[in-house]
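Here is the structure we will look at, set down as structure tokens.
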Amino acid sequence: MKIFHIVGARPNFMKVAPVLSALKKRDHVVQTLIHTGQHYDVNMSDVFFQQLGIPEPDVNLAVGSGSHAKQTAEIMVRLEPVVVERQPDMVLVYGDVNSTVATVLVCAKLGVRVGHVEAGLRSFDRTMPEEINRLVTDQLADLLFTPSEDGDENLRREGVSAEKIFFVGNVMIDSLVHLLPSAQKSKVDGLPERYALVTLHRPANVDDSATLKGILESLLEVNRDLAVVFPAHPRTRKRIADFGLNASQLRVLDPLPYVDFLGLQSRATVVITDSGGIQEETTYLGVPCLTVRENTERPITVTMGTNVLVGRDPEKLRAELSRVLNGKAKKGTVPPLWDGHTGDRIADILVKR
Ligand code: UD1
């Protein structure tokens, strides 16, 4: 069985690693890894491959950055001949990035079967580019691997037939479980004992100068009570510079490697983020998470986990932060099948096909 894995952006890498290694243990499976090149900086891509033990990609489409249409179209144009030439039996796509939707569009039209890992998540907010990617990907994919049962419900409601849907758990947690022991030993020099770990990169938060200014002002306020450690996505760093905003009192760092970032998360007093995956990682780790968004496609992190949506309301952020500082942070539990074995469950299903 010839299986392709297509990845492109940072959050894909911790999802592909467990599936690659689970399939490696199976007979008669030949795997090909394709990197679209959506993320290309060493600290957004190569370092993750090294730390997660992902082999060198067999093919790199080297598409780089661009508008959504340009990036998506470029991936499609460069991927199509590779799929036509190599004729995979199954193509696996991950998450909700432009590389995911571009691949599914190419494969669906070529009649090549696609499996979507992390299917069914919905924010119900179509202003998010990822929501468009999720909706299209799940309509076209043949196998849908969901991380939580709300995903199954969303898919059924959208008319996806039940036999395509497999509740397998959260594959990203496999990588976390695997690398947590090294993460706990890792150290980022020069940081205080107690800190708020911050990440921000959603276009809705960083692409508008007034919005980003408001969020940075809230973070400067947080910083008075608790040091803010802020590994900044290249997009965010660029926006802060372009808009001439002030983040000089915060500890702004370059994006960190997976293991170092996981170590920082596990020791953080609180995490403040607009990332999807970090809402899940903090839930697993039992670390309080304040999400700077009005909605989440990962509601289980709120209903079962440690996540609280604070939106962009400085009052709400202040109130939730003071709960954390007063030892009254929300407690959570780990959702079902977030157990480190999701890659194996996916591999079992694939080899039976
Ligand atoms: C993408 C995903 C988002 C995911 C995020 C994680 C889509 C629609 N978005 O957003 O879901 O949460 O990755 O990081 O696919 N850049 C660099 N170096 C890089 C990559 C990007 O400097 O290696 C800069 C460029 O200025 C680029 C910008 O970041 O224009 C945005 O990159 P892009 O891939 O378009 O989206 P992300 O914001 O990274």
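Counting starts at 1 for both ligands and their atoms, following the listed order.
- At under 3.5 Å, not a single nitrogen or oxygen of N133, backbone or side chain, sits near a nitrogen or oxygen of ligand 1.
- Close N/O approach between R202 and ligand 1 is found [any backbone or side-chain N/O within under 3.5 Å].
- Residue nearest to atom 4 (C) of ligand 1, selected from H201, K238, R10: H201 (by heavy-atom distance).
- In this comparison of R235, H68, E130, the heavy atom closest to atom 36 (O) of ligand 1 sits on R235.
- Between D254 and R237, at least one side-chain nitrogen of the basic residue sits less than 4.0 Å from a carboxylate oxygen of the acidic one, meeting the salt-bridge criterion.
- Judged purely by atom type and a 3.5 angstrom limit, R345 uses its side chain to pair as donor or acceptor with the backbone of L337.
- Set against the non-hydrogen atoms of Q71, the atoms of ligand 1 under 4.0 Å away are 34 (O), 35 (O).
- Partner of E280 under the side chain to side chain donor-acceptor pair (under 3.5 Å) criterion, out of N307, N170, T301: N170 alone.
- Among protein heavy atoms, atom 17 (C) of ligand 1 sits closest to Y40 OH, 3.3 Å.
- Looking only at heavy atoms of the protein, atom 2 (C) of ligand 1 is closest to V97 CG1, 3.7 Å.
- Under 4.0 Å from ligand 1, the heavy atoms of P11 that appear belong solely to its side chain.
- Salt bridge annotation for R78-E74: present, with a cationic side-chain nitrogen under 4.0 angstrom from a carboxylate oxygen.
- Among protein heavy atoms, atom 18 (N) of ligand 1 sits closest to D41 OD2, 2.9 Å.
- Atoms of ligand 1 lying under 4.0 Å from any heavy atom of S65, numbered from 1 in the order shown and given with element: 21 (C), 25 (C), 27 (C), 30 (O).
- The closest protein non-hydrogen atom to atom 20 (C) of ligand 1 is H39 CD2, 3.3 Å.
- Ion pairing between K213 and E217 holds under the 4.0 Å rule for side-chain N and carboxylate O.
- For H35 and F49, the gap between ring centers is short of 6.0 Å.
- No donor-acceptor pair closer than 3.5 Å links the side chain of H116 to the backbone N or O of L92.
- Using a 4.0 Å cut-off between charged side-chain N and carboxylate O, R293 and E297 make a salt bridge.
- Relative to atom 24 (C) of ligand 1, the option among P234, G277, S275, G64 with the closest non-hydrogen atom is P234.
- Protein heavy atom closest to atom 8 (C) of ligand 1, with residue, atom name and distance, is N98 OD1, 3.2 Å.
- The protein heavy-atom contact nearest to atom 34 (O) of ligand 1 is Q38 NE2, 3.1 Å.
- The pair K164-D152 fails the salt-bridge criterion, with no side-chain N (NZ, NE, NH1 or NH2) lying under 4.0 Å from an Asp/Glu carboxylate O.
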